[in-house]
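Quick note: residue numbers are just sequence positions, from 1. Start at 1 and go down the list; that is how both ligands and their atoms are numbered.
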Amino acid sequence: MKITRTQVGIVGAGPAGLMLGHLLHMAGIDSVIVEDRARDYVIERVRAGVLEQGTVDLMIDSGVGDRLQREGLSHDGFSINVYGKLRRIDLAALTGRRITVYGQNEVVKDLIGARMATGRALLFEVADVAVHGLKSSQPGIRFNHNGELQEIRCDFIAGCDGFHGICRPSIPEDSIRIYERVYPFAWLGVLASAAPSSPELVYSRHARGFALFSMRSNAVTRLYLQCAPDEDLTQWPDNRIWDELLARLGNDDGWKPNVGPITQKGVTGMRSFVVEPMQYGRMFLAGDAAHIVPPTGAKGLNLAMADVWRLSRALAEHYQSGSDALLDRYSDDCLQRVWRAQQFSWWMTSLLHRSDTGNPFDSRRQRAELEYVTNSLAAMTSLAENYVGFPIAHEFAGELEKTVLS
Ligand code: APR
Ligand code: PHB
């Protein structure tokens with residue numbers, strides 16, 4: 001068996017693992033990243049696409065924001081289509097902040113490029129990954145790479161291997177607590193070769209269910225439809241998808257998405273999930289390995305970025321001053337932001353989806369809330385401040401960071 005050593009062993013090369021490796025490199029800390037998928041698969045996997053300003057600032061400040069600044073689409077607001085009435089939420093006017101639309105796979109591509117330039121290790125297509133010795137002073141990662149069994153001995157392990165990874169399940173069940181809620185609906189998502197017909201996102205609540213109009217570039221539209229968790233994609237030929245999208249996005253202003261060839265489609269389940277604490281011995285969990293939000297609030301990628309920023313600061317303090325104070329509070333500090341985002345994502349999901357509870361009271365109450373949220377300045381401001389997100393990169397005093405709303 002080949003044995004090597006590093007300071008931080010990182011499992012998973014999604015946005016969390018790659019950004020952590022990058023921030024650690026900036027702090028002069030060595031790491032090895034191991035990823036079970038192939039490089040092209042990781043780069044081409046289409047996921048979320050909304051970056052909070054805090055995430056954008058983190059990428060720019062850490063030197064990986066050049067292409068993002070050139071190609072990212074900056075949005076000052078979005079609309080909610082309330083049963084055919086388009087209402088705009090002016091994020092910039094309400095909060096002074098905005099969001100940027102830039103695909104998660106583009107973030108991943110930029111971070112892989114930055115990693116390659118450092119010459120530090122990033123291994124794709126590793127198999128049989130396992131972590132051990134998590135409570136010892138030298139935990140390890142074992143795996144097969146190119147037919148050879150390898151072990152990396154580390155000071156710390158970062159579990160950045162997503163919801164289906166092996167790090168969280170390696171923690172004894174009695175050492176963690178899991179909070180979970182699974183929703184009775186899912187999203188059917190498509191990518192279409194069509195110029196976006198609106199410069200901003202449109203979230204739509206229609207009698208037939210939720211729909212979302214988003215985009216990836218000036219030539220590619222991204223759209224979603226509420227569907228069943230076990231929806232059979234073979235029942236959804238392209239023309240049925242377009243008919244349903246056009247119906248659910250329909251509105252009194254006559255706005256509609258441009259129709260074009262569908263190049264990708266898939267169904268994404270909806271779940272809220274948190275593990276506490278986000279640490280076991282010398283292993284720290286970050287991103288989807290520790291928490292999942294339903295995609296309605298566009299928080300998943302941004303939470304992952306906030307976690308690894310915090311973890312990189314805590315590890316830097318350990319190596320620079322020998323103090324573990326920040327590492328000790330890593331989980332508590334992350335969980336404050338995580339639960340705020342959980343609450344917001346659950347709320348936005350409940351606000352916008354059709355849920356057949358069988359009691360018509362629920363849909364009338366939901367409609368009253370939609371009217372309130374899209375008409376009251378106070379309610380819109382609350383929505384906007386959560387949607388644009390709370391700042392990441394400044395000192396955390398143990399409370400939720402103060403927002404820009406002064
Ligand atoms: N060994 C090594 N790598 C693994 C393993 C394993 N056993 N299991 C999973 N991985 C890899 C996955 O292939 C993936 O590349 O870990 C990576 C985890 O990446 P993500 O799932 O993208 O999670 P994260 O980096 O936390 O980013 C969160 O992803 O799901 C979206 O909405 C979510 O945008 C958010 C973001
Ligand atoms: C996306 O563009 O993929 C997207 C946008 C907003 C969301 C979720 C996904 O809330």
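Only the backbone of Thr296 comes within 4.0 Å of ligand 2, judged by heavy-atom distances. Contacts with ligand 2 closer than 4.0 Å are made by no heavy atom of Tyr102, backbone or side chain.
For ligand 1, the atoms lying closer than 4.0 Å to a non-hydrogen atom of Gly162 are 18 (C), 21 (O), 23 (O). Interface of Leu201 with ligand 2, defined as ligand atoms under 4.0 Å from a residue heavy atom, comprises 5 (C), 6 (C). For ligand 1, the atoms sitting less than 4.0 Å from at least one non-hydrogen atom of Ile166 are 7 (N), numbered in the order shown with element in parentheses. Applying the 4.0 Å criterion to heavy atoms of Val11 picks out, from ligand 1, the atoms 1 (N), 2 (C). Within the listing of ligand 2, atoms 5 (C), 6 (C) sit less than 4.0 angstrom from a heavy atom of Val50. Near Gly165, the atoms of ligand 1 lying under 4.0 angstrom from a non-hydrogen atom of the residue are 8 (N). Near Gln104, meaning under 4.0 Å from one of its heavy atoms, ligand 1 places the atoms 22 (O), 29 (O), 31 (C), 34 (O), 35 (C), 36 (C). Contact atoms of ligand 2 toward Ser214: 1 (C), 2 (O), 5 (C) (distance under 4.0 Å to a heavy atom of the residue). Every atom of ligand 2 is numbered from 1 in the order shown, and the set under 4.0 Å from a heavy atom of Leu212 is 5 (C), 6 (C), 7 (C), 8 (C). Less than 4.0 angstrom separates some heavy atom of Val34 from each of these atoms of ligand 1: 2 (C), 3 (N). Near Gly287, meaning under 4.0 Å from any of its heavy atoms, are these atoms of ligand 1: 26 (O). Close approach of ligand 2 to Tyr203 is summarised as follows: ligand atoms under 4.0 Å from at least one heavy atom of the residue are 6 (C), 7 (C), 10 (O).
Of the charged side-chain nitrogens involved, at least one lies within less than 4.0 Å of a carboxylate oxygen, so that Arg365 and Glu369 count as a salt-bridged pair. Arg5 has no carboxylate O lying under 4.0 Å from a charged side-chain N of Asp30, or vice versa, which leaves the two without a salt bridge.
When atom types are taken as modelled, the side chain of Arg337 and the backbone of Phe390 share a donor-acceptor pair closer than 3.5 angstrom. Judged purely by atom type and a 3.5 angstrom limit, Arg271 has no side-chain atom pairing as donor or acceptor with the backbone of Glu180.
When the shell of 6.0 Å around OH of Tyr372 is examined, it contains 12 or fewer heavy atoms from other residues, nucleotides or ligands. More than 12 heavy atoms of other residues, nucleotides or ligands sit less than 6.0 Å from atom CZ of Arg240.
His318 has its ring centre less than 6.0 Å from the ring centre of Phe156. Taking the six-membered ring for Trp and the full ring otherwise, Phe210 and Phe185 have centroids separated by 6.0 Å or more.
Residue contacts with ligand 2 leave out Phe213, since none of its heavy atoms falls under 4.0 Å from the ligand. Judged by the shortest distance from any of its heavy atoms, Met348 lies outside the 4.0 Å radius around the atoms of ligand 2.
Annotation: atom 19 (O) of ligand 1 to nearest protein heavy atom, Gly14 CA, 3.4 Å. The protein non-hydrogen atom at the shortest distance from atom 8 (C) of ligand 2 is Pro295 O, 3.3 Å. When hydrogens are left out, the protein atom nearest atom 3 (O) of ligand 2 is Tyr224 OH, 2.5 Å; that is the closest non-hydrogen contact.
Here Thr55 pairs with Asn302 under the side chain to side chain donor-acceptor pair (under 3.5 Å) rule; sequence neighbours left out. Residues passing the side chain to side chain donor-acceptor pair (under 3.5 Å) test with Asn251: none are found, sequence neighbours excluded.
Across the listed options Asp36, Val108, Asp288, Leu301, Asp288 owns the non-hydrogen atom lying nearest to atom 30 (O) of ligand 1. Of the options Lys299, Arg47, His164, Arg45, the smallest heavy-atom separation from atom 21 (O) of ligand 1 is shown by Arg47. Between the choices Arg37, Met19, Glu35, the shortest heavy-atom distance to atom 12 (C) of ligand 1 belongs to Glu35. Residue nearest to atom 18 (C) of ligand 1, selected from Cys160, Gly12, Ala286: Cys160 (by heavy-atom distance).
Polar contact check, Pro15 against ligand 1: a nitrogen or oxygen pair lies under 3.5 Å apart.
The closest side-chain donor-acceptor pair between His291 and Trp339, if any, does not fall under 3.5 angstrom.
A cation-pi arrangement is absent between Arg45 and Tyr41, since the terminal nitrogen or guanidinium carbon is not both under 6.0 Å from the aromatic centre and inside a 45° cone about the axis.
Taking the six-membered ring for Trp and thresholds of 30 and 60 degrees, Tyr387 and Phe344 have ring planes more than 60 degrees apart, a perpendicular arrangement.
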Task: Worked verdict on Arg222 versus Tyr224 for side chain to side chain donor-acceptor pair (under 3.5 Å) - done: CA-CA 7 Å; Arg222 175 84 169 141; Tyr224 299 93; 2.9 Å; yes

